[in-house]
Amino acid sequence: MRKLSFTAIINKINAFRFPAVDLVVGLENGGMVPAALVGYRLGKPVIFMSINYRDPENRPCHKKPVLLRPFRAPKGVKRVLIVDDVAVTGQTLALARKKFSSCHVSTFVLKGKADHVLFPAIKACVHWPWKG
C-alpha cells in the first residue's frame, strides 16, 4: 500500500489545472476531504452528496451505487466539479453526474478513472492521510 502525505496531495492540487466551475461536489465519504481541498484552492462553494457503493474494506456492498439521501442540484449552477478520492468502475461518478443533467459536469479523483486525475500513475492502493 502506498502512503501519500497531505503535503504531497496539497502540492499537486495547487499545481493542477482545474476546469472553470461554479460548484464543487464531494462524494461522501471518500471525496469529502479532497473536495474541501479543491473547493478551497478554487475559492468555490463545496457541497456533499451521499452515495454508497463500497464498505470500509473497499468491497462492493450494493449491486450498484446507491444515493443515501435525497439530493437536488442547486439552482443557477452551470459548471460542476464532482470530486471523489478513488474511482474504480466510474459507477459512483456516473450516478452523481445524473443529478446535474442541465449542467456541464467534470469529474475529478485523486486516483483512478475520471475526467481529471491527480495521481494518474499510481495504480496501487493508497493510504490517504485523513484515514488515520
Side-chain angles (χ1 to χ4, degrees):
M1 178 164 304
R2 177 139 180 209
K3 284 189 172 193
L4 289 173
S5 68
F6 261 113
T7 301
I9 294 165
I10 290 169
N11 287 343
K12 285 281 274 190
I13 286 173
N14 286 340
F16 198 83
R17 295 189 64 174
F18 288 95
V21 298
D22 306 311
L23 178 68
V24 175
V25 177
L27 300 185
E28 297 175 0
N29 285 317
M32 293 175 72
V33 172
L37 295 173
V38 170
Y40 180 80
R41 156 73 166 60
L42 297 177
K44 299 297 178 182
V46 178
I47 63 173
F48 300 101
M49 184 184 299
S50 187
I51 296 178
N52 182 255
Y53 180 46
R54 296 179 182 273
D55 67 16
E57 304 303 316
N58 203 31
R59 296 178 300 238
C61 55
H62 303 283
K63 289 186 179 191
K64 59 183 183 177
V66 176
L67 188 64
L68 298 179
R69 288 192 303 270
F71 182 88
R72 263 190 211 170
K75 294 183 181 192
V77 174
K78 304 247 187 261
R79 302 167 300 175
V80 175
L81 182 65
I82 298 172
V83 178
D84 206 353
D85 56 352
V86 177
V88 177
T89 66
Q91 292 182 63
T92 303
L93 294 172
L95 175 58
R97 186 185 292 267
K98 288 180 184 177
K99 297 297 178 180
F100 293 95
S101 59
S102 64
C103 300
H104 179 272
V105 177
S106 297
T107 57
F108 173 83
V109 296
L110 301 183
K111 172 185 148 358
K113 301 175 191 174
D115 298 323
H116 307 279
V117 181
L118 192 64
F119 295 101
I122 295 177
K123 304 300 180 202
C125 290
V126 173
H127 177 77
W128 304 113
W130 48 87
K131 296 281 184 163

**Message:** Other members of the hydrophobic cluster containing Val25, with the 4.5 Å side-chain heavy-atom rule, please.
**Reply:** Leu23, Leu27, Ile47, Met49, Ile51, Leu67, Phe71, Val77, Val80, Ile82, Leu93, Leu95, Phe100, Val105, Val109, Val117
Over all atoms of both residues, closest heavy-atom pair of [X] and [Y]:
X      : Y      : result
Ala124 : Lys111 : O-CE, 2.7 Å
Thr107 : Ala114 : OG1-CB, 3.4 Å
Leu118 : Lys12  : O-CE, 3.2 Å
Gly30  : Pro34  : O-CD, 3.4 Å
Asn52  : Cys61  : OD1-SG, 3.1 Å
Gly26  : Ala35  : CA-CB, 3.4 Å

**Request:** Evaluate the ring planes of His116 and Phe16, with Trp represented by its six-membered ring, and classify them as parallel (under 30°), tilted (30 to 60°) or perpendicular (over 60°).
**Result:** perpendicular
**Asked** Where does the angle between the aromatic ring planes of Trp130 and Phe6 fall among parallel (under 30°), tilted (30 to 60°) and perpendicular (over 60°)?
**Response**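 It falls in the tilted class, 30° to 60°.
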Distance, nearest 0.5 Å, that separates [atom1] of [X] from [atom2] of [Y]:
X     : Y      : atom1 : atom2 : answer
Ile10 : Leu4   : CD1   : CG    : 12.0 Å
Lys3  : Cys125 : NZ    : SG    : 14.0 Å
Phe48 : Met32  : CZ    : CE    : 5.0 Å

**Prompt:** Taking the side chain as C-beta and beyond, is there a heavy-atom pair between Trp128 and Leu110 under 4.5 Å?
**Reply:** yes
**Request:** State, with a plain yes or no, whether a side-chain heavy atom of Ile9 is found less than 4.5 Å away from one of Val33.
**Result:** no
**side chain to side chain contact (heavy atoms under 4.5 Å, CB included) between Val86 and Val126, worked out** = CA-CA 9 Å; Val86 177; Val126 173; over 6 Å; no
**Asked** Which pairs with one or both residues in residues 61-81 pass salt bridge (charged side-chain N to carboxylate O under 4.0 Å, His left out), sequence neighbours excluded?
**Response**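 The answer is Asp22-Arg79, Glu28-Arg69.
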**Prompt:** Under 4.5 Å between side-chain heavy atoms, hopping through other hydrophobics if needed: is there a path connecting Tyr53 to Val88?
**Reply:**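 In one cluster: no.
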**Item:** Within 6.0 angstrom of His104 NE2, more than 12 heavy atoms from elsewhere
**Value:**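 Counting other residues, nucleotides and ligands, NE2 of His104 stays at 12 neighbours or fewer.
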